[in-house]
Amino acid sequence: MEYAEIVLNRPMRQSYHYRVPERLRPALCPGKRVLISFGKKNDAEGYCVGLVDKVNFPPEKIKDIIGVLDKEPLLTPVMLALTRQVAEHYCCSWGEVIQATVPSGVRRTVSEKTIKVVKLLMPLENVKAFVFEHRGKKKDKQARVLRVLAEEIQGDITPFELSSICAVSRGVINKLRSDGHVEYEERVVEKDLFEAPAEKESHLELNEEQQAALDHTLRAVHSGSFSVTLLQGVTGSGKTEVYLQAIEEVISSGKQAIVMVPEISLTPQMVQRFRARFDGVAVLHSRQTEAQRREQWNGIRDGKATVVIGPRSAVFAPVPALGLLVIDEEHENSFKQDSSPRYNGRDVAIMRGKLENAVVLLGSATPSLESFINCRTGKFDRVLLTKRVAERPMPPVHIVDMNLELEGAKYWNFLSRPLTVRMKETLERDEQVLLFLNRRGFSTQVRCPRCRHQLGCNQCDTLMTYYQVRHLAVCLHCRQEMVPPELCPSCGVGRMRYLGIGTEKIEEEVKRQFPEFPVARMDSDTMRGHDAYEKQFAKFREGKTRILVGTQMISKGLDMPNVTLVGVISADTSLNLGDFRAFERTFQLVAQVAGRAGRGTKPGQVVVQTFSPEHHAITMAAEHDFERFAAKESEDRKALLSPPFSRSMRIIFSGLHEKEVEDFSEKVGENLRKIAPDAVTFLGPAPCLLSKVRNMYRFHMMGFAPKVGMIRYLASSLDPVLGRKRKVEVALDVDPVNMF
Ligand code: ADP
Ligand code: ZN
């Protein structure tokens with residue numbers, strides 16, 4: 001074959017043809033990277049996706065490939081086909097999808113056996129002085145990095161992790177290093193690849209429902225053809241045991257399984273459950289170093305792994321003979337990637353299952369409406385686990401009307417009386433408590449009582465979150481921080497007050513009211529450094545911590561028999577989001593958190609605090625009634641032709657000048673409306689809920705179409721403007737879940 005088809009890791013959707021010089025022909029095959037000259041660059045990297053005999057252009061215009069970069073192809077033919085489908089579905093570039101499937105550690109040719117970690121050289125006193133001197137000035141970002149390093153990081157942290165926590169570029173850390181404020185130390189990478197504990201557990205005796213679910217799955221596996229099954233089982237019904245036994249069968253037939261879980265439920269406890277059953281369990285996660293990820297990836301490709309566990313990117317794990325794909329908590333938003341390529345790992349799993357004739361098993365206590373409807377129309381099979389294992393009851397849920405708590409109270413108490421009474425009883429019985437709130441920090445608002453001015457970020461359209469322990473106001477989007485002013489910066493008279501509650505404030509209030517019981521907090525502020533999560537978790541498990549306060553991080557995966565009380569501090573945070581999935585999210589959140597209670601032999605209970613005690617999303621979650629909720633929600637969505645009764649796309653425009661962004665979005669919007677079939681409806685363009693981030697103004701528009709083909713047609717009209725570096729950048733999100 002004389003010519004190669006090449007795609008690049010850039011937003012452009014077309015592919016390019018290059019001639020393969022005679023000398024390179026033996027070395028080149030699809031799935032390898034090549035060196036080409038592209039535009040002004042003489043060393044661009046591209047992926048060879050095909051070889052052809054003929055091209056449509058005059059041959060003299062075609063350039064030669066300069067070199068072949070890989071000895072072994074990075075992608076098998078199946079993975080090439082999959083990445084191509086993903087690119088077509090999400091209307092993004094094939095090269096970008098390929099790039100996302102191959103870890104950067106694999107693409108690199110250098111081998112690193114050690115990693116670098118950042119060490120602070122400055123004494124704490126000097127850090128404080130540096131921060132005091134430079135905050136809000138030119139060295140603001142350096143000050144922030146030093147402060148975070150001094151105060152918030154325990155243990156080792158890589159420059160990459162540090163820069164992402166502080167939201168600064170690597171350059172800032174490099175500058176601190178060249179100024180002698182920090183240094184890098186080398187650490188030898190520990191290889192825990194596929195490590196298995198010595199002792200294996202045998203499997204549990206399944207109950208009737210579990211057995212029926214397993215039988216169904218095994219019939220599908222043995223048939224050797226593609227199918228999708230939704231395993232809908234209430235929290236604590238033993239879904240994981242069904243996965244484990246299905247996987248056991250897949251392994252014994254010589255094939256492999258991939259298990260996808262939301263990143264936050266990828267806990268040591270979760271991994272342990274698999275490693276106690278099988279040898280060769282590979283784990284992929286974002287905290288691994290490049291070298292670790294490469295080792296895992298190579299091992300998986302060579303067929304050494306029997307099971308691969310990981311977050312959404314695990315869907316691309318290069319197992320040679322895929323038998324089963326499990327997607328646990330299939331309704332989770334975190335399966336959708338928020339940057340290009342914006343794929344949904346669950347939906348890509350289904351594409352992959354089809355390509356490889358594998359079985360896809362979706363598990364959830366609160367399935368997405370999409371999957372619910374797919375079962376109704378017969379696209380998916382559905383099996384139910386209606387009861388918890390060992391006949392354990394579902395925990396009763398008490399809804400507390402916070403309006404009543406406000407009445408006659410001298411001050412607003414966010415721990416209601418019904419909750420504190422139950423906390424006391426639970427703790428006195430030597431049992432444990434989980435308190436859940438989806439907001440970080442101490443206060444979510446810094447506000448002037450006189451003129452009502454609220455402290456906002458000057459780069460983003462957000463309010464600053466107050467952290468009391470560090471006495472800092474922080475923007476959770478750009479990580480800018482400042483010492484909050486005592487007097488209102490707007491009217492100059494009012495004394496700023498701290499309003500709105502976050503997890504830090506709850507922790508403090510719990511300490512005040514229950515001083516004799518140890519409390520810990522788990523959220524992305526406290527869970528920094530490598531093993532913070534593992535340590536905190538172990539302490540809770542051993543009972544050294546009695547009350548655990550946290551965000552989503554504690555809403556899943558925890559299987560702790562001694563937790564008998566779960567408190568949802570506010571069920572309202574997601575209710576008023578103005579997104580068509582707001583009720584669904586609220587239902588899922590309440591049902592999932594409630595599911596953490598009473599998983600052992602001791603009965604559990606749940607307290608849900610809300611200002612909307614009558615809202616159906618909350619009452620139906622309290623009754624653990626998914627069927628009724630899904631039926632009602634389907635009717636409402638159907639009436640509005642919202643997904644899953646339509647396909648949707650979101651176009652996001654951003655730029656430095658508000659007027660330019662607005663004008664451009666209107667121009668694009670007008671054009672789309674002109675070319676769209678009648679059946680398509682649009683919303684916007686309008687400012688995004690987050691209308692400004694890091695000085696970039698943001699507008700968006702939504703399109704809803706009865707057929708996915710229409711979305712593709714509209715998307716292709718955007719090709720000329722997508723992803724280009726221009727004054728207004730345009731991004732496209734097909735099947736969006738994030739509407740901010
Ligand atoms: P889910 O994933 O549905 O929330 P899990 O799989 O975590 O539920 O199971 C809940 C608990 O019940 C776990 O501790 C698990 O070991 C236990 N379990 C599961 N199946 C059985 C069974 N058949 N017999 C006894 N215990 C079981
Ligand atoms: Zn900001």
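Counting starts at 1 for both ligands and their atoms, following the listed order.
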Novice: Is ligand 1 less than 4.0 angstrom away from at least one heavy atom of Ser237?
Specialist: yes

Novice: Identify the protein heavy atom lying closest to atom 15 (C) of ligand 1, giving its residue, its atom name and the separation to 0.1 Å.
Specialist: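 The answer is Arg273 NH2, 3.7 Å.
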
Novice: Main chain of Leu231, side chain of Arg382: is a donor-acceptor contact present, judged purely on distance under 3.5 Å?
Specialist: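 Side chain of Arg382 to backbone of Leu231, a donor-acceptor pair under 3.5 Å: no, none is there.
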
Novice: I'd like to check Phe653 versus Glu662 (side-chain heavy atoms, cut-off strictly below 4.5 Å). Are they in contact?
Specialist: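 Result no, sub-4.5 Å side-chain heavy-atom pair not found.
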
Novice: Can you check which of Leu204, Thr240, Leu206 brings a heavy atom nearest to atom 2 (O) of ligand 1?
Specialist: Thr240

Novice: Examine Gly236 against ligand 1 and note whether any of their N/O atoms are separated by less than 3.5 Å.
Specialist: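 N/O-N/O distance below 3.5 Å exists for this pair.
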
Novice: Return the residue, atom name and 0.1 Å-rounded distance of the protein heavy atom closest to atom 13 (C) of ligand 1.
Specialist: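 In this structure, atom 13 (C) of ligand 1 has Asp559 OD2, 3.2 Å as its nearest protein heavy atom.
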
Novice: Give the numbers and elements of all ligand 1 atoms closer than 4.0 Å to a heavy atom of Gly238.
Specialist: 1 (P), 3 (O), 5 (P), 6 (O), 8 (O), 9 (O), 19 (C)

Novice: Give the residue and atom name of whichever protein heavy atom lies nearest to atom 10 (C) of ligand 1, and the separation in Å to one decimal.
Specialist: Arg599 NH2, 3.9 Å

Novice: Can you find a side-chain donor-acceptor pair between Ser691 and Asp461 that sits under 3.5 Å?
Specialist: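 A pair is found: one side chain offers a donor N or O, the other an acceptor, under 3.5 Å apart.
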
Novice: Have a look at the Zn ion (ligand 2) and estimate, to 10 degrees, the angle subtended by SG (Cys478) and SG (Cys460).
Specialist: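 It rounds to 110°.
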
Novice: When you measure from atom 22 (C) of ligand 1 to every protein heavy atom, which one gives the shortest distance, and what is it?
Specialist: Glu205 O, 3.6 Å

Novice: Before accepting this row, confirm whether a basic side-chain N of the pair Arg628/Glu623 lies closer than 4.0 Å to the acidic partner's carboxylate O.
Specialist: yes

Novice: Can you tell me if His216 uses its side chain to pair, donor with acceptor, with the backbone of Ala212 under 3.5 Å?
Specialist: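 A pair under 3.5 Å: no.
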
Novice: So is Arg388 touching ligand 1 or not, going by heavy atoms under 4.0 Å?
Specialist: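 Arg388 does not count as a contact of ligand 1 under the 4.0 Å cut-off.
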
Novice: Closer than 4.0 angstrom, basic N to acidic O: yes or no for Asp347 and Lys336?
Specialist: no

Novice: For the backbone of Arg599 and the side chain of Arg392, can you confirm whether one donor and one acceptor N or O come within less than 3.5 Å of each other?
Specialist: yes

Novice: Using 30° and 60° as the class boundaries, would you call the ring planes of His471 and Tyr498 parallel, tilted or perpendicular?
Specialist: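 Rings of His471 and Tyr498: perpendicular, over 60°.
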
Novice: Does Gly233 come within less than 4.0 angstrom of ligand 1, counting non-hydrogen atoms of the residue?
Specialist: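 Gly233 does not count as a contact of ligand 1 under the 4.0 Å cut-off.
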
Novice: Would you please classify the geometry between the Tyr466 ring and the Phe442 ring as parallel, tilted or perpendicular, with 30° and 60° separating the classes?
Specialist: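 Because their plane-to-plane angle is over 60°, the rings of Phe442 and Tyr466 count as perpendicular.
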
Novice: Provide, to 0.1 Å, the distance between atom 20 (N) of ligand 1 and the closest protein heavy atom, together with that atom's residue and name.
Specialist: Gln210 NE2, 3.0 Å

Novice: If you round to 10 degrees, what value do you get for the angle at the Zn ion (ligand 2) between Cys457 atom SG and Cys475 atom SG?
Specialist: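 For SG of Cys457 and SG of Cys475, the angle centred on the Zn ion (ligand 2) reads 110°.
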
Novice: Specify the protein heavy atom at minimum distance from atom 19 (C) of ligand 1: its residue, its atom name, and the distance to 0.1 Å.
Specialist: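 Residue, atom and distance for the closest contact: Val389 CG1, 3.6 Å.
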
